[in-house]
There are 2 protein chains.
Amino acid sequence: MDPTIKDVAKKANVSIATVSRILNDKPGFSVKTKTKVLRVIEELGYQPNAIARGLVSKRTHTIGVLMPTLLDMFAARILNGIDDYAHELGSSVIVCNTDNNGQRTLKYLRVLAEKRVDGIIFVSEYLKDEYYKVMSDMKVPIVLVSTMSPDYPVPFVKVDDELASFAATEYLLKQGHRRIAMIAGSPEDPIAGVPRIKGYRAALNAEGDEEAKELIVSTQDFSYESGMMAMEKIVDHPLKVTAVFASSDELAVGAMSYANKRGIRIPEDLSIIGYDNTRLAQMSTPPLTAVGQPLYEMGNKSAEMLFSMMNTGETAESCLMPYTIEERETVTRI
Amino acid sequence: MDPTIKDVAKKANVSIATVSRILNDKPGFSVKTKTKVLRVIEELGYQPNAIARGLVSKRTHTIGVLMPTLLDMFAARILNGIDDYAHELGSSVIVCNTDNNGQRTLKYLRVLAEKRVDGIIFVSEYLKDEYYKVMSDMKVPIVLVSTMSPDYPVPFVKVDDELASFAATEYLLKQGHRRIAMIAGSPEDPIAGVPRIKGYRAALNAEGDEEAKELIVSTQDFSYESGMMAMEKIVDHPLKVTAVFASSDELAVGAMSYANKRGIRIPEDLSIIGYDNTRLAQMSTPPLTAVGQPLYEMGNKSAEMLFSMMNTGETAESCLMPYTIEERETVTRI
DNA sequence: CTGAAAGCGCTAACAA
DNA sequence: TTGTTAGCGCTTTCAG
């Protein structure tokens, strides 16, 4: 067994209470005993047991993060932002890859409950009733990232998708495009689907006058493969589109890839704008113009909110983050 | 406070020991009391406290994963493999983004030690003496992924980089290339640098006869940006290279991107082969031919080894995983 | 400034 | 089959 606080106390000829005070820097010890105890700790290589500590203090210094996938740059970047903030404050993060699967999510939540995490960050997924139920039973702070809940009082941090989507479409319109298709995710998706479609339509209609016609292709997810499939439909559609607004970078890159296969040049023959502005947007050929979400900052901010809730007990203010339009080389003026 | 085992015991008119037995399915209770207790648990919404449990059982059902970055597909995929396996067995994983920073790594290790994790998976980084020292003090199993230690008895799972690198180069040679450059990572990197360079050289020399000349461009990391910079050097080099072997997919894509900028067509003017076979390889234009590492399986396997070590107490056998060559569209025969 | 002692919620002998 | 009890390693009153 590794040494416990008792061993330290004994060897230093003090009580365990004193050692505990020194460890936690609580008032009630002299400099002299402090140095003595510190030396013993050093000698013994003593390491406080966070488990025991957690049992009495009811604070585990661990938070749980639930996300539908670990596999895209989007998730990675957010996680990165959370992780940095949490570790800065001496907390650890347990990742849970829900795989968009209800059973799995519920199982993870139960584990997190048993582990008595101090808080939960829930990313990119719709907060179902059943999830919220078990989460609220845990009585720990929750914050949502890149999603929100119309039904429950859970603070979120995200960008205004409708606005950002509007801006993306408007950007295309300003470049002279009129026949603009959207690769949209699912219209059943209340978070990443509906609002973006709404923004797209609003921009199209805002132009008022003309023939600006819509073409929306829904996809099951936001992957490269879905982007390719969607593009096939767009290319073969009678409406000869000059620009495409894709709901994620992967979707956009998939679309570009399919276009390329069909001999369609980007941006000469067709303009494309993506969404998220992940590293992938920088790495594509040509580099992808995209609506940018400050993913790292969102992760960071969510952690900040979570910790503030843990400390104050008050619900944090939700936070709408600014989007940007990162102009690169896939959109041309016509 | 949420209900404890005591509350359950009282309400069910049994002792806490009985409840504990039922919870852990240890012999010593009748079906009758079991159903009764289970019902009470249900009614109370009781959830066992893993912290208290861990304090006595000395098992936290939590493992720590250390990786230099969360931000590339490489790390994501491995983490995914680990996470799936761990959660399958009811354990959680704490991620630690070391950022390739010694101080930070050491800090994380200390936290993991205090949290009494059951084991550690260390990914992609050189196992420094100082790391090993604190890890071995923790007296928990460790396994290495995509790295290895010549000095310490720590099992690893990785592919044979030298062999894979040899194969990649040989593949290029077989396609008729003779002037093959390598974008190599750092020659100081004993894990991802040295062996791959060695394999590359060996293949070049194996051809025996001819003018097969080497051109190695080192990079600081394995990023897209480094790939671009390396490619600039290669293009401007007097040795007119016909093929490039890059030590990572990102490096390869960066190289392609730079080539593209200079009007060099892939693969007509120049062939490129990458390393890792992440999703990025599939998504690049044109799709990248690459040496494939079974990243998900490596993550999975490492977790399997770790858990087996935790259970048996014996050191697991290291494991060399098979590489593949994924032929796509960036290499042409000349 | 310091120590004794009572738990935190649970598991694991040991009795009954 | 069941209950009693002694910890696990720590924090936190409460007395000195």
Side-chain angles (χ1 to χ4, degrees), chain A residues 1-38 40-41 44-62 90 110-111 113-118 138-139, chain B residues 1-38 40-41 44-62 90 110-111 113-118 138-139:
Chain A
M1 275 331 302
D2 21 43
T4 73
I5 197 174
K6 225 184 235 166
D7 301 318
V8 176
K10 194 180 300 173
K11 185 152 181 194
N13 286 313
V14 294
S15 72
I16 61 171
T18 299
V19 178
S20 175
R21 285 186 197 105
I22 291 170
L23 247 23
N24 299 290
D25 207 34
K26 305 228 163 172
F29 54 83
S30 66
V31 200
K32 195 149 163 273
T33 50
K34 174 169 178 179
T35 51
K36 183 173 55 178
V37 168
L38 254 26
V40 173
I41 285 179
L44 257 37
Y46 166 76
Q47 300 215 265
N49 182 326
I51 300 300
R53 191 175 263 180
L55 185 57
V56 12
S57 72
K58 268 99 180 65
R59 268 271 216 159
T60 54
H61 294 283
T62 304
R110 218 195 47 238
V111 171
E114 295 189 355
K115 293 233 163 95
R116 300 298 195 263
V117 294
D118 296 332
M138 294 170 64
K139 284 169 302 221
Chain B
M1 274 331 302
D2 22 42
T4 73
I5 198 174
K6 227 185 237 166
D7 301 318
V8 175
K10 194 180 302 174
K11 183 153 184 194
N13 287 312
V14 295
S15 73
I16 60 170
T18 299
V19 178
S20 175
R21 284 186 197 105
I22 292 170
L23 247 24
N24 298 290
D25 207 34
K26 304 229 165 170
F29 54 82
S30 65
V31 200
K32 194 149 162 273
T33 50
K34 174 170 179 179
T35 52
K36 183 173 55 178
V37 168
L38 253 28
V40 173
I41 285 179
L44 258 36
Y46 165 76
Q47 300 215 266
N49 183 326
I51 300 300
R53 192 175 263 180
L55 185 57
V56 13
S57 72
K58 267 102 181 65
R59 268 271 214 157
T60 53
H61 295 282
T62 305
R110 217 195 46 239
V111 171
E114 295 189 356
K115 292 232 163 94
R116 301 298 196 263
V117 294
D118 296 332
M138 294 169 66
K139 284 169 303 225

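Computed from heavy atoms alone, side chains included, the values below leave out hydrogens, waters and symmetry copies. Naming: A, B, ... by sequence-line order, numbering from 1 per chain. The model shown is predicted, which means the values in this text are computed figures rather than measured ones.
The side chain of B:Lys58 contributes an N or O atom lying less than 4.0 Å from OP1 or OP2 of D:dG9. Between A:Ser20 and D:dT11, a side-chain N or O to OP1/OP2 separation shorter than 4.0 Å is present. Taking 4.0 angstrom as the limit, B:Ser15 places a side-chain polar atom (N or O) nearer than this to OP1 or OP2 of D:dG3. Within the structure, every side-chain polar atom (N or O) of A:Thr4 is placed at least 4.0 Å from both OP1 and OP2 of D:dC8. The phosphate of C:dC1 has neither OP1 nor OP2 within less than 4.0 Å of any side-chain N or O from A:Ser30. In terms of phosphate contacts, A:Asn24 brings a side-chain nitrogen or oxygen within less than 4.0 Å of OP1 or OP2 of D:dT11.
Of all nucleotides listed (C:dG3, D:dT11, C:dC10), C:dG3 comes nearest to the side chain of A:Thr18. Nearest nucleotide to the A:Phe29 side chain, out of D:dT11, C:dT11, C:dT2: C:dT2. Distances were taken from every side-chain heavy atom of A:Lys26 (C-beta onward) to each of D:dT11, D:dT12, C:dC8; the shortest belongs to D:dT12. In the set C:dA13, D:dC10, C:dA5, the nucleotide with an atom closest to the side chain of B:Ala17 is C:dA13.
Between the P atom of C:dC1 and the CD1 atom of A:Ile16 lies a distance of 20 Å, rounded to the nearest Å. We find that NZ of A:Lys10 is positioned 15 Å from P of C:dG3, with the value rounded to whole Å. The CZ atom of B:Arg21 sits 13 Å away from the C1' atom of C:dC10 (whole-angstrom rounding). In this structure, B:Arg116 atom CZ and C:dC10 atom P are separated by 21 Å, rounded to whole Å. The nearest whole Å value for the distance from the CD1 atom in A:Ile51 to the P atom in C:dC10 is 14 Å. In this structure, the CG atom of A:Asp25 is 15 Å from the C1' atom of D:dT11, given to the nearest Å. Following rounding to the nearest Å, A:Lys115 (NZ) and C:dC10 (C1') show an atom-to-atom distance of 16 Å. Atom CD1 in A:Ile22 sits about 10 Å away from atom C1' in C:dT2, given to the nearest Å.
Separation of atoms OG (B:Ser30) and CD1 (B:Ile22) is listed at 7.5 Å; rounding is to 0.5 Å. Note that CD of A:Glu114 and CE of A:Met138 are 10.0 Å apart. Values are rounded to the nearest 0.5 Å.
Side-chain contact between A:Asn49 and A:Thr4: absent, with no pair of heavy atoms (C-beta onward) separated by less than 4.5 Å. Side-chain contact between A:Lys58 and A:Arg116 is absent, with no heavy atoms from C-beta onward closer than 4.5 Å.
A residue-by-residue look at B:Gly28 and A:Ala52 shows that B:Gly28 has its nearest nucleotide of DNA chain D further toward the 5' end. With the nearest nucleotide of DNA chain C identified for both A:Val31 and B:Pro48, A:Val31 has the one nearer the 5' end. Ranked by how close their nearest DNA chain D nucleotide is to the 5' end, A:Lys6 and A:Arg53 are led by A:Lys6.
No contact: B:Asp2 has no heavy atom under 4.0 Å from any strand.
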For A:Asp7 and A:Lys11, run side-chain contact (heavy atoms from CB on, under 4.5 Å): C-alpha distance rounded to whole Å, both residues' side-chain angles, the deciding distance at 0.1 Å, then the answer. CA-CA 6 Å; A:Asp7 301 318; A:Lys11 185 152 181 194; over 6 Å; no

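Distance alone, capped at 3.5 Å, is enough to place a donor-acceptor pair between the B:Ser57 side chain and the B:Arg53 backbone.
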